[in-house]
Structures are given as C-alpha cells and as structure tokens.
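The figures that follow rest on heavy atoms only: side chains count, while hydrogens, waters and symmetry mates do not.
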Amino acid sequence: MTQDHALQGSEFHGGPRVPGAGTASGTVLPGPAHDGADEPVQLIDRHGVRHAHEHYDGLVADVDGAELRKLYEDMVVVRRIDAEATALQRQGELALWPPLLGQEAAQIGSGRALREDDFVFSSYRENAVAYCRGVDLTDLLRVWRGNASSGWDPYTINMATPQVIIGAQTLHATGYAMGILQDGDDAVAVTYFGDGATSQGDVNEAMVFAASYQAPVVFFCQNNHWAISEPVGLQAHVPIARRAPGFGIPSVRVDGNDVLACLAVTREALARARSGGGPTFIEAVTYRMGPHTTADDPKRYRDANELEDWASRDPLARLATLLDSLGLLDADYTDAVKATADAIAADLRQGCLSMPEPEPTDVFKHVYSAPNSWLDRQQDHYERYLASFEQAPQEGSR
Amino acid sequence: MTTMTFGRAITAGLRRAMEDDPKVILMGEDIGKLGGVFRITDGLQKDFGAHRVLDSPLAESGILGTAVGMAYRGYRPVVEIQFDGFIYPAFDQIVCQVAKLHYRTQGAVKMPITIRVPFGGGIGSPEHHSESPEAYFTHTSGLRVVSVSDPQDAYTMIQQAIASDDPVLYFEPKRRYHVKGEVDEASDRSASDMGTARVVARGTDVTLVTYGPLVPTARDAAVAASDEGTSIEVIDLRSLAPIDYATVEASVRKTGRLVITHEAAQSGGLGAEIAASITERCFDVLEHAPVRVTGFDIPYPYSKLEFHHLPDLDRILDGVDRVMRRHNSLSGLTREGVSQ
Ligand SMILES: Cc1ncc(C[n+]2csc(CCOP(=O)(O)OP(=O)(O)O)c2C)c(N)n1
Ligand SMILES: [Mg+2]
C-alpha cells in the first residue's frame with residue numbers, strides 16, 4: 001500500500017476488500033458531493049497546500065487569513081488542553097482522560113460551523129467541540145476527576161455531557177431533532193460518534209428514525225481508525241460513509257485532518273438540515289494519535305509506522321504550513337498563540353486542583369426529581385450511621 | 001361516573017393528558033391508524049394529528065432513544081411497548097439513559113417519559129407475549145414503576161405518570177383490558193395517588209399483597225376465604241417502585257401474616273423484596289414467615305400450560321393456609337397445625 005493510498009486504505013486492516021473500496025488515489029476530485037463518494041473532500045492537503053474545490057470553496061468563501069488564524073489558534077489551544085489534562089492524569093489528579101490528539105481539525109472544523117442554538121450530543125472524546133461551545137474549563141474535568149457525574153448543565157452550552165454508552169447519543173440527537181421539527185424551529189442537532197460506534201444498533205436505528213422523520217440532525221462520525229484496539233476494518237468492509245445512502249441519508253467523506261474541509265462539509269450539512277432537507281452523514285477520516293484513554297497501551301496492538309505516517313498528516317502542522325505560505329505565521333504570532341494556550345492550560349490546572357470535594361450525602365441527590373420513600377429511608381439510615389462515628393466511644397473505651 | 005373498560009379508561013386518560021399539555025407526544029409501533037394492537041390509542045391520531053401520535057419505525061431502542069431526545073427538547077413522550085417481551089431491545093436506553101440522566105446531569109435534564117407496557121399472561125399467546133418483567137425495572141434506580149388494576153386508577157394514574165417529571169413504567173395487565181368499572185372523568189388527576197397502595201378489601205387475619213392482573217384474583221380469594229371464616233386484607237400496591245411500605249406495614253401490624261402474590265417468577269422478584277422489607281420492619285409482630293405465591297422460575301410456558309404457572313385463587317388460598325398454620329399442600333392436607 002503506497003503512502004498515497006493510505007488515507008483510503010490504511011483502515012482496511014481486516015477481511016476482504018470490496019472491489020473499488022479504498023482504491024482512490026490522493027488526487028482531489030471536484031465532486032460530486034453527498035453521494036458517499038470514497039474520496040474524502042480535501043481543501044488543504046497534507047503538505048499545507050490549498051486546493052480549489054468547485055463545490056466546497058463557496059462554503060468557506062468568508063474564511064480569510066484572519067479566520068484561518070482563528071482556526072489555527074483553536075487547534076493549538078485544544079491540543080494544549082488535551083496535553084495538560086493528560087499530564088494531570090499522569091500526576092494522579094484525574095482518574096482517566098480520553099485524548100483527542102490528532103482529531104483537532106475534525107472537532108474544531110465542525111464545532112465552529114455550529115450556531116449557538118444548535119444542540120450537540122457527543123461521546124467522551126469531543127472536548128474540542130465542548131471548547132467551541134464555550135464550556136467552562138473546570139467543567140471539562142469534573143467527570144474525569146470523579147467529582148461529578150456531569151461537568152455541566154447541558155442547556156447552558158447546548159451540548160449534552162459525554163455519553164459513554166457507545167452510539168446511544170445518536171438516538172438522543174435524532175429525538176431532539178424530531179422535537180425541533182415539532183417546534184417549527186431551524187436549529188440542528190449534531191451528534192458525534194466513532195467508527196466503532198457505527199456497528200451499534202443504536203446508530204443504525206438513529207439513521208432509520210432520522211430518515212423516516214426527515215429530522216434535522218447531522219451525524220458526524222470521526223473515523224479515527226481505531227475502536228480501542230480494534231481497527232476500523234473490523235467494523236466496516238466499505239467506507240463508513242457509504243452506509244448512509246442506504247438509509248436514504250446523503251453522506252460525505254471528508255479529510256478529517258483538514259479543518260477547512262471539515263468546516264465546509266459541516267456548514268453544508270447544517271444548511272441542508274435548517275432548510276428542511278433532513279439528515280446528513282459525515283465521515284471525517286482522521287486518526288487517533290494517542291492512546292484510547294490514559295489507561296490504554298496502543299503499543300500492544302498497533303504499528304509505530306502507522307502512527308508515523310499519520311503524524312505526517314498532522315492537522316495543525318498542515319495549517320501552520322499554509323499560514324506560513326500566506327505570510328501569516330511570524331514568530332510574534334506563534335509566540336502569542338502559545339502564550340494563550342499556556343495560560344488556558346494553567347487555568348485548567350488551577351480549576352482542577354481547586355475543585356471542591358463532594359459531600360457524602362450528595363450520592364443521594366437527583367436520583368429522582370421528587371422525594372422517594374425508599375431512598376429517603378436509606379439516606380436517613382446512612383446519615384445516622386455516619387453520625388454514629390461522631391458519638392462513638394473512643395477506641396479502647398469499651 | 002361512566003362505566004368503561006380498563007382499556008378505555010387508559011385511552012380516556014391519555015386523551016385528557018394530551019388535551020391538558022401540548023408537549024405530550026405518543027410514540028410506538030402501530031399506535032396511529034391502527035390504534036395499537038390493543039386499541040389503547042384508538043382515535044388519538046385522528047383527533048390530535050400524526051405529529052402528536054407517531055407511528056415509530058420498528059425498533060424499541062430507537063423509540064426510547066428518540067424519546068430521550070424529545071425529552072431533552074422539553075417534550076413529554078408517552079411510549080407504547082407493543083408487548084412486555086419486546087421491551088428488551090430498549091433495555092439499555094431505559095436503564096442507562098432514561099433512568100440515569102436526571103442523576104447524571106445533577107437535575108438539569110428531566111426525563112418525564114412514560115413507558116406503557118401491556119404485561120402478564122393468561123391470554124393464550126405465543127412466546128414473548130405474556131411476560132412480567134417489572135422486577136428488572138424496580139431494581140433500576142431512577143425509574144418509577146406502577147401497575148394498574150382498575151379503570152378509575154388507570155384513568156388517573158396514566159395522567160399522573162405523564163405529569164411526573166421522573167420516568168414512569170406503567171404496566172397494564174393485558175388480560176384485564178376488558179374488565180369494566182366506574183370512572184369519574186370529571187375527577188382531577190389527584191383522584192387516586194399512584195405513589196400509594198390501596199386497600200381493596202379489609203381484613204384482620206392475613207395481609208395479601210398484590211398488583212396488576214392478580215388484584216381481581218386476590219379479591220376473589222378474600223371472598224372465598226371469608227366463606228371459610230378467614231378474614232383477608234387485600235392490598236393493591238399500585239406503585240411497585242417505590243413501594244408504599246407504610247400501608248403494607250400498617251396492615252401487617254394488624255394481621256401478623258403476609259402473603260405476596262404475583263405472576264412474575266419468584267427468585268429475586270418483588271415478592272422477595274416485600275417479604276424482606278416487611279420482615280425487617282415487622283419482625284416483632286409476625287406470626288409466620290411471609291409466603292410468596294408466584295409464577296415459577298421458568299420461561300413463560302406455552303399457553304396450554306400457562307394456568308399451571310399463573311397463581312390462581314386456589315394457590316393463593318393454599319399460601320394463606322400456610323401463614324395461618326393450617327394444613328396445606330406442603331404440610332400435607334391431612335395433618336393439623338403443621339407449618340412448613
Ligand atoms: C455499549 C458499550 N460497549 C463497550 C464500551 C467500551 N468502549 C468504550 S470506548 C470503545 C471504543 C469506541 O470506539 P469508537 O466508536 O471508534 O470511538 P473512539 O473511542 O475511537 O473515539 C469501547 C469498546 C462502551 N463504552 N459502551
Ligand atoms: Mg474510533
């Protein structure tokens with residue numbers, strides 16, 4: 001398999017290949033869009049060269065040098081947040097962290113396409129999307145420090161808190177979109193999930209429901225090539241984007257390491273949903289450069305060469321090269337971006353370390369919205385039990 | 001007061017809830033034009049529109065999962081599961097999402113979803129159409145579980161379930177859909193309280209606790225026993241999670257004896273939970289260990305044998321004989337005063 005084929009082919013690790021699947025060359029075809037075409041939409045190639053695209057250029061015509069810089073800054077910041085959180089985990093301050101390293105473009109490109117009243121239902125890895133939604137940094141860590149079962153109130157940033165049950169959130173987004181339809185509103189529900197998730201019944205059911213009701217929902221699949229240790233080829237024998245048309249849902253494959261292309265395809269999907277065109281499925285072809293979580297050891301199951309290959313397609317590096325070629329990457333600018341990212345990381349750390357400890361009886365809170373006789377009795381007994389330590393005789397006095 | 005069947009009373013309650021709150025949406029398989037396989041949603045799509053009575057694609061996890069999304073958006077979905085045995089594909093969404101989202105989000109997201117489940121046996125159906133899965137759900141924190149047995153309760157409790165900000169599983173004993181009773185349609189929805197148990201027959205010797213399909217059977221048992229001079233107090237729990245133990249305890253403190261009967265399998269079932277809880281609370285007054293009269297620990301049997309599995313009047317009275325320390329099937333019917 002040549003390097004040029006890798007974006008297509010490297011995911012097909014297991015099983016026979018369907019003729020025609022993953023055989024496209026690295027050249028960017030002009031379209032057609034939304035037919036589940038195998039060749040990912042790409043506007044900025046791995047070398048940082050901007051290519052014209054007959055269909056998608058129009059969708060990002062407003063993205064000038066200043067806007068490109070903002071996207072770059074976002075990606076630097078979220079990579080820095082990710083690194084800081086990983087460090088906090090290594091230092092014992094977080095129980096676990098799911099890194100997004102390598103997926104910055106997919107998340108920032110799509111996340112920055114959203115409107116404030118759109119609603120996101122994601123998995124656990126979309127910390128950069130949460131950043132785009134304006135999440136409070138400390139809130140991002142509460143769950144992973146074990147201090148709360150959710151970091152934030154979903155309605156404050158119009159994003160549900162991380163979903164751990166693989167694929168379940170795609171149905172929630174679809175139902176939410178059905179509610180948008182009932183309300184006659186033009187907001188859109190956007191759901192994020194992984195390549196592994198596409199095997200789940202819920203994801204497939206979500207596509208059935210979304211198509212049935214023509215719900216304004218965008219399915220954003222980050223194909224990062226791995227579901228813990230299982231390669232995408234084990235989940236899918238044809239490019240994942242090809243499945244959606246079978247449900248009656250237009251789909252598009254996009255270079256998930258190209259922030260501009262991700263922005264363009266997401267904008268198009270959102271516009272379709274807002275104007276009554278129903279759901280769209282986006283497969284962002286990207287790569288999980290880190291472990292599945294901080295508890296994982298990818299050395300046990302994947303080849304270092306693969307990582308190296310994908311490192312050469314790094315989403316930040318290619319945008320930096322493009323900015324440089326446009327004369328927009330002077331040292332003052334990069335220093336300023338780095339300083340911003342470091343300051344945010346320092347805030348993140350500070351927020352983590354100063355998080356208040358929960359109270360023991362918080363465990364009983366919010367199980368129900370109304371008093372519950374079973375639980376009230378258990379809480380009462382437990383409070384009396386805890387109080388008994390205060391009244392307990394000194395050791396040895398018995 | 002209107003005389004109506006138990007099934008019609010649920011329909012009337014659904015209609016009232018939909019009139020009262022435009023956010024109430026019905027979702028399920030075949031609930032539109034057909035009115036559901038038991039006709040409980042009959043006429044509602046015609047009157048409220050296809051946007052409020054949704055014929056769902058045939059996928060239970062999909063139905064519950066999209067109901068969760070609708071609830072996020074501020075709706076009050078009422079989901080119909082076609083038959084008890086078809087709830088399992090939705091189990092994950094019910095247990096991991098519906099039940100936990102309020103807790104997970106520290107109260108920010110409410111899940112006012114009502115899940116209607118026609119349940120229980122006795123209708124001569126093939127496999128998967130006669131199950132009693134309530135204990136799976138009573139064991140799941142975050143859910144409320146109720147079962148109805150009488151038309152007035154059906155009418156008010158469906159409205160209370162829908163009005164509840166917590167998710168409610170509403171178990172409808174399908175073999176009782178045709179039972180008739182009086183319903184006061186003018187009553188407000190506080191006419192009966194779905195959180196409290198109801199004493200349906202007064203008695204002094206034995207407390208007989210049940211719910212759903214066996215309430216009429218338990219009542220008949222009480223009548224039969226009184227002919228033999230035994231006074232049975234029958235309690236219809238209505239709420240299965242949480243159980244109104246105050247009512248059960250008050251009764252057992254009077255009778256000193258407890259029999260629990262349900263169609264569901266015995267081990268790990270509600271009867272075990274009730275027996276344990278009442279023993280903890282009333283050990284000092286118990287004259288005999290609580291006795292369970294339940295379905296066997298078997299997959300629901302084929303219909304020719306289902307009435308061996310389902311507790312009936314005689315099996316209930318045999319349980320009553322046990323707590324009364326009279327001769328019974330286990331002691332041997334000829335020996336006096338033996339308890340097993
Ligand atoms: C229903 C369910 N099964 C298994 C798991 C354990 N698990 C957590 S993440 C994961 C892999 C998911 O892979 P993918 O969908 O590709 O998302 P990614 O982690 O790559 O972002 C698995 C198996 C789970 N969380 N939920
Ligand atoms: Mg993956």
Gap between atom [atom2] of [Y] and atom [atom1] of [X] - 0.5 Å precision:
X	Y	atom1	atom2	value
A:Asn158	B:Tyr72	CG	OH	11.5 Å
A:Asp202	B:Gln93	CG	CD	5.0 Å
A:Met178	B:Leu54	CE	CG	5.5 Å
A:Ser369	B:Arg144	OG	CZ	8.5 Å
B:Arg104	A:Thr161	CZ	OG1	6.5 Å
A:His172	B:Leu101	NE2	CG	6.5 Å

Need one label for [X]: side chain, backbone, both or neither, based on atoms under 4.5 Å from any heavy atom in chain A.
X	answer
B:Ile25	side chain
B:Ala67	neither
B:Asp92	side chain
B:Lys100	neither
B:Met111	neither
B:Ala246	neither
B:Ser56	both

Region of [X] in contact with chain B, defined by heavy-atom distances below 4.5 Å:
X	answer
A:Ala168	both
A:Ala160	both
A:Ile180	both
A:Ala148	both
A:Asn204	neither

For this session: Identify the two heavy atoms, one from A:Trp374 and one from B:Thr138, that lie closest to each other, and give their separation to 0.1 Å.
Result: CZ3-O, 3.9 Å

Problem set entry | Exercise: identify the closest heavy-atom pair between A:Glu205 and B:Ala59 |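 The pair with the smallest heavy-atom distance is OE1-CB, 3.2 Å.
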
For this session: Start with the C-alpha distance between A:Gln163 and B:Gln97, add both sets of side-chain angles, then the distance that settles side chain to side chain donor-acceptor pair (under 3.5 Å), and finish with yes or no.
Result: CA-CA 9 Å; A:Gln163 177 57 249; B:Gln97 311 298 337; 2.8 Å; yes

Exercise. Is the centre of the B:Tyr103 ring less than 6.0 Å from the centre of the A:Tyr368 ring?
Worked result: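 Distance test on ring centres: not under 6.0 Å, no.
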
Any side-chain heavy-atom pair of [X] and [Y] under 4.5 Å:
X	Y	answer
B:Val68	A:Leu171	no
B:Ile63	A:Phe209	yes
A:Tyr213	B:Thr66	no

Exercise. Do side-chain atoms of B:Gln106 reach the backbone of A:Ser149 as a donor and acceptor pair under 3.5 angstrom?
Worked result: yes

For this session: Verify, without hydrogens or angle tests, whether A:Gln182 (side chain) and B:His51 (backbone) share a donor-acceptor contact under 3.5 angstrom.
Result: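 Yes, A:Gln182 side chain to B:His51 backbone: donor-acceptor pair under 3.5 Å.
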
